[in-house]
Amino acid sequence: MPKINTDTLWDLAAMELRTRESRSADDDAEEDSVALCERTVLFMGSKAGGKTTVLLRCLDRDEASKPTLGLEYTFGRRAKGHNTPKDIAHLWELGGGTSLSDLVQIPITPLNVSSVSVVLVLDLSKPSALWGTMEKLLQAALNQVEKVYALPQRPGESRTSKQQNQSRVLRVLPKDHPDRELISPFPVPLLLIGSKFDVFQDFESEKRKVICKTLRFLAHYYGASLIFTSSKSETMMSKARSFVSHLAFGTEKGKSMSTDPSKPLIIPAGMDSLSQIGSPPTIDVDIGTLHARNPLDLWKKVFERVFPPERTTEHKELKDPAKDPQYSEPLIDSMRAQKDQELEQYKREQAKLWKGLALEN
């Protein structure tokens, strides 16, 4: 006897809707896997700290690095296998140290916020500028990410929610990690690179320990990986390259780890802990007198007691690209000089005209 279908029209409609939603979810997953073939990495950090050198080594480009002016873009491609589309990494480099931090709004957008990563290169040879550089640049990137997530999602725009992104970042820590509730992971994957280790290794032992412990705390607090490198060592550059390639192409970042302050630090995200890092190093500093608001503020106060921040006017130090000799164009420069003179003459004439009108009135 044939089975009688007792489903109503509404039941059939509901089943059809569930089937379509299931197909849609599968399609979205497939689209996400394709989208992840394109990633964005933003390099920023200390002025003349070695960002370009790290970037060029990661791309296997044997070129002499030049000072980065403003925000520069390049890209890298990597084949996953035979006859498969190549992964693409969009690589942005922010020059000028902290003076051009507002430009982070260009590489961090609603279209790529789900696949963007940040590489912060800090010059170990200039510890007095280290905390200020880190603080201002990470805050600029954080503000831009928050701004992007605050924007209303456009029709047809594919973007992970802020909560989804936070859970993705939190995955760097095991669920049973004791510090899971004590840290504040950066909203996008973050890599801290300490450059110029060849200079840093000649520092006094106690000062090296202060810098190492502080950077370990910062990396752990932000859920970031940390690695020291030097352009003078191919081995160290190769290890740094593996961490950058992990962000750019999703490759394995390596599992080696080193926390010895006399050697280059290598600490993948989630592999450290507050108990292993210990308390802030107190060299002639009474922690009880610092009146810190939170652990991050405490580490900052201790670090700046040992390495007082430099008072620099970095905006004034940044060269005007139009006057940089490496970009000279004699014909254009002479025309520009002529126009500048005409402009100054026009300003003087207008000033005299307005002064005469003021006297008449």
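What you see is a predicted model, and the numbers here were worked out from it, not measured in a lab. Nothing fancy with the numbering, it's 1 onward along the sequence.
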Looking at [X] and [Y], would you say the former's side chain and the latter's main chain have a donor-acceptor pair under 3.5 Å?
{"X": "S225", "Y": "A269", "value": "yes"}
{"X": "Q144", "Y": "V104", "value": "no"}
{"X": "S195", "Y": "G49", "value": "yes"}
{"X": "N112", "Y": "S115", "value": "no"}
{"X": "S242", "Y": "K239", "value": "yes"}
{"X": "K209", "Y": "S262", "value": "no"}
{"X": "S238", "Y": "E234", "value": "no"}

Gap separating the [atom1] atom of [X] from the [atom2] atom of [Y], nearest 0.5 angstrom:
{"X": "L182", "Y": "H177", "atom1": "CG", "atom2": "NE2", "answer": "10.0 Å"}
{"X": "L274", "Y": "D179", "atom1": "CG", "atom2": "CG", "answer": "3.5 Å"}
{"X": "S117", "Y": "H246", "atom1": "OG", "atom2": "NE2", "answer": "8.0 Å"}
{"X": "S231", "Y": "R57", "atom1": "OG", "atom2": "CZ", "answer": "6.5 Å"}
{"X": "D87", "Y": "T251", "atom1": "CG", "atom2": "OG1", "answer": "9.5 Å"}
{"X": "L120", "Y": "K51", "atom1": "CG", "atom2": "NZ", "answer": "9.5 Å"}

Go through the structure and list residues passing side-chain hydrogen bond (donor to acceptor under 3.5 Å, both in side chains) with [X], not counting sequence neighbours.
{"X": "S125", "answer": "D123"}
{"X": "R348", "answer": "Q345"}
{"X": "Y73", "answer": "H90"}
{"X": "R78", "answer": "none"}

Candidate pair E329 and R336, rule side chain to side chain contact (heavy atoms under 4.5 Å, CB included), full reasoning
CA-CA 10 Å; E329 293 283 352; R336 170 68 185 268; over 6 Å; no

Is there side-chain contact between [X] and [Y], with at least one heavy-atom pair below 4.5 Å?
{"X": "P264", "Y": "T229", "result": "no"}
{"X": "K126", "Y": "T133", "result": "no"}
{"X": "L137", "Y": "L94", "result": "yes"}
{"X": "L353", "Y": "E349", "result": "no"}

List, by chain and number, the other hydrophobic cluster members for L247, where Ile, Leu, Val, Met, Phe, Trp and Tyr join if side-chain heavy atoms come within less than 4.5 Å, directly or indirectly.
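Cluster partners of L247: V41, F43, V54, L55, L59, L91, V119, V121, L191, I193, I227, M237, F243, V244, I266.
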
Each residue besides I332 in its hydrophobic cluster should be listed here, by chain and number; the cluster joins Ile, Leu, Val, Met, Phe, Trp and Tyr at side-chain heavy-atom distances under 4.5 Å.
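I332 shares its hydrophobic cluster with no other residue.
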
What are the two closest heavy atoms between [X] and [Y], and how far apart are they?
{"X": "A224", "Y": "L192", "result": "CB-CG, 4.3 Å"}
{"X": "K196", "Y": "A48", "result": "NZ-O, 3.0 Å"}
{"X": "T98", "Y": "G132", "result": "CG2-O, 4.5 Å"}
{"X": "L122", "Y": "S46", "result": "CA-OG, 3.5 Å"}
{"X": "R180", "Y": "K175", "result": "CD-O, 3.8 Å"}
{"X": "L218", "Y": "W131", "result": "CD2-CH2, 3.7 Å"}

Would you say that more than 12 heavy atoms from the other residues, nucleotides or ligands in this model lie under 6.0 Å from the [atom1] of [X], or not?
{"X": "M335", "atom1": "CE", "result": "no"}
{"X": "R61", "atom1": "CZ", "result": "yes"}
{"X": "N294", "atom1": "CG", "result": "yes"}
{"X": "E252", "atom1": "CD", "result": "no"}

Sequence neighbours left out, what passes salt bridge (charged side-chain N to carboxylate O under 4.0 Å, His left out) with [X]? Give chain and number order.
{"X": "D176", "result": "none"}
{"X": "E342", "result": "K339"}
{"X": "D60", "result": "R241"}
{"X": "K232", "result": "D198"}

Please assess S258 against D260 for the test side-chain hydrogen bond (donor to acceptor under 3.5 Å, both in side chains), listing each intermediate value before the final yes or no.
CA-CA 6 Å; S258 173; D260 186 345; over 6 Å; no

Would you please test R216 and H220 for side chain to side chain contact (heavy atoms under 4.5 Å, CB included) and show each step?
CA-CA 6 Å; R216 282 181 65 185; H220 186 59; over 6 Å; no

Take W92 and I108, measure what side chain to side chain contact (heavy atoms under 4.5 Å, CB included) needs, and give me the verdict at the end.
CA-CA 10 Å; W92 296 85; I108 302 177; over 6 Å; no

ILVMFWY cluster, F249 and L42 together (side-chain gap under 4.5 Å):
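No, separate clusters.
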
Answer yes if L100 and M134 sit in the same cluster of Ile, Leu, Val, Met, Phe, Trp and Tyr residues linked by side chain heavy atoms under 4.5 Å apart, and no otherwise.
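As far as the 4.5 Å side-chain criterion goes, M134 and L100 are connected within one cluster.
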
Which residue pairs pass the ring pair (Phe, Tyr, Trp, His ring centres under 6.0 Å) test with at least one member in residues 198-219, sequence neighbours excluded?
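Checked against ring pair (Phe, Tyr, Trp, His ring centres under 6.0 Å) - neighbours excluded - the pairs reaching residues 198-219 are F197-F200, F200-F203, F200-F228, F217-Y221, F217-W299.
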
List the steps, then state whether side chain to side chain contact (heavy atoms under 4.5 Å, CB included) holds for L130 with L215.
CA-CA 10 Å; L130 191 149; L215 287 177; 3.8 Å; yes

Who are the side-chain contact (heavy atoms from CB on, under 4.5 Å) partners of S65, not counting sequence neighbours?
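Partners of S65 by the side-chain contact (heavy atoms from CB on, under 4.5 Å) criterion, ordered by chain and then number, come out as T52, T53, L56.
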
Take S275 and S273 through the test side-chain hydrogen bond (donor to acceptor under 3.5 Å, both in side chains) and record every step on the way to the result.
CA-CA 5 Å; S275 61; S273 68; 3.1 Å; yes

